[in-house]
Participant: 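Before we start, here is the structure in question, set down as structure tokens.
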Amino acid sequence: MNQCKQNAAKWLRYGMLSAVTLALQLTVLPGLFPRGAGPFLPPILLGCIVTFESGGGVLLYALLLGSWCDAFRPGELLFTLLYPMLAWGIQRLSQNVYPKTVAAAFAWSTVVSLLGQLLYGLFHLWMPGYAGVSALWTVLAPELLYSLLFVPPLWWLVRAMSGQAAAVRR
């Protein structure tokens, strides 16, 4: 199979993984975690994928993932703008420097999650009807902790789908 077809098949697998993960995010996970603070998996998925991928594909993926997150919040474009910028920044920082390990995925997932949640809280600070930063502090730590529990399985799946499992084992 030529490189173009392999690349298309890989991104199709990533898309299917994203669809399953996002379906779990909407259906199963909300009822499993106490006090309304459950995992938020899109930044974890982005952190795992950016660990293995680079280039325009990741930026397009980040744009689509951010659009999905904002689709349930009418009138907002926060994640649509934030995720591609973070993916671009992480690519610049990690270009051939950081290994493609689960530790790197933890680091990038934490960065994407924290910045996303902090900006979301600050963004809603000035909007009427939202709790803003005051509620952010009670939700941020449990949500981040619950979300980071999903890094190892998602990293493993992304590693297998990226075709780089043999290179990571070395």
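Positions are given from 1, in the same order as the sequence printed here.
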Participant: Decide yes or no for L140 and L114: does some side-chain heavy atom of the first lie under 4.5 Å from some side-chain heavy atom of the second?
Facilitator: yes
Participant: Does the side chain of Y83 pick up a donor-acceptor pair with the side chain of S67 at under 3.5 Å?
Facilitator: no
Participant: Go through the steps for T21 and L157 under the test side chain to side chain contact (heavy atoms under 4.5 Å, CB included), then give the verdict.
Facilitator: CA-CA 11 Å; T21 303; L157 287 168; over 6 Å; no
Participant: For the residue pair M16 and M161, establish whether any side-chain heavy-atom pair is separated by less than 4.5 Å.
Facilitator: no
Participant: Kindly write out the residues that satisfy ring pair (Phe, Tyr, Trp, His ring centres under 6.0 Å) with F150, not counting sequence neighbours, or none if the list is empty.
Facilitator: none
Participant: Should S162 and E53 count as side-chain neighbours, where that means a heavy-atom distance under 4.5 Å?
Facilitator: yes
Participant: Would you kindly confirm whether L60 and L22 end up in one hydrophobic cluster when ILVMFWY residues are joined by side chain heavy atoms under 4.5 Å apart?
Facilitator: no
Participant: Set out, in order, the CA-CA distance, both residues' side-chain angles and the distance that settles side chain to side chain contact (heavy atoms under 4.5 Å, CB included) for V151 and T110, then state yes or no.
Facilitator: CA-CA 10 Å; V151 170; T110 302; over 6 Å; no
Participant: Answer with yes or no whether the hydrophobic clustering places I90 together with W88; edges join I, L, V, M, F, W, Y residues whose side-chain heavy atoms lie under 4.5 Å apart.
Facilitator: no
Participant: Please say yes or no: joined through hydrophobic side-chain contacts below 4.5 Å, possibly via intermediate residues, are L119 and I44 part of one cluster?
Facilitator: yes
Participant: Taking the side chain as C-beta and beyond, is there a heavy-atom pair between W155 and F52 under 4.5 Å?
Facilitator: yes
Participant: Using ring pair (Phe, Tyr, Trp, His ring centres under 6.0 Å) as the criterion, list what pairs up with Y14, not counting sequence neighbours.
Facilitator: W11
Participant: When you compare the side chain of K100 with that of R159, does any pair of heavy atoms fall below 4.5 Å?
Facilitator: no
Participant: Determine whether a donor-acceptor pair (N or O, by modelled atom type, separation under 3.5 Å) exists between the side chain of Q25 and the backbone of L41.
Facilitator: yes
Participant: Quick check: does any side chain N or O of Q91 sit under 3.5 Å from a backbone N or O of V50, one acting as donor and the other as acceptor?
Facilitator: no
Participant: Please say whether more than 12 non-hydrogen atoms of neighbouring residues, nucleotides or ligands are located less than 6.0 Å from CH2 in W68.
Facilitator: yes
Participant: Heavy-atom distance under 4.5 Å between the side chains of L17 and V158, does that happen here?
Facilitator: yes
Participant: Say whether W108 and L118 are linked into one hydrophobic cluster, either directly or through other cluster members, by side-chain heavy-atom distances under 4.5 angstrom.
Facilitator: yes
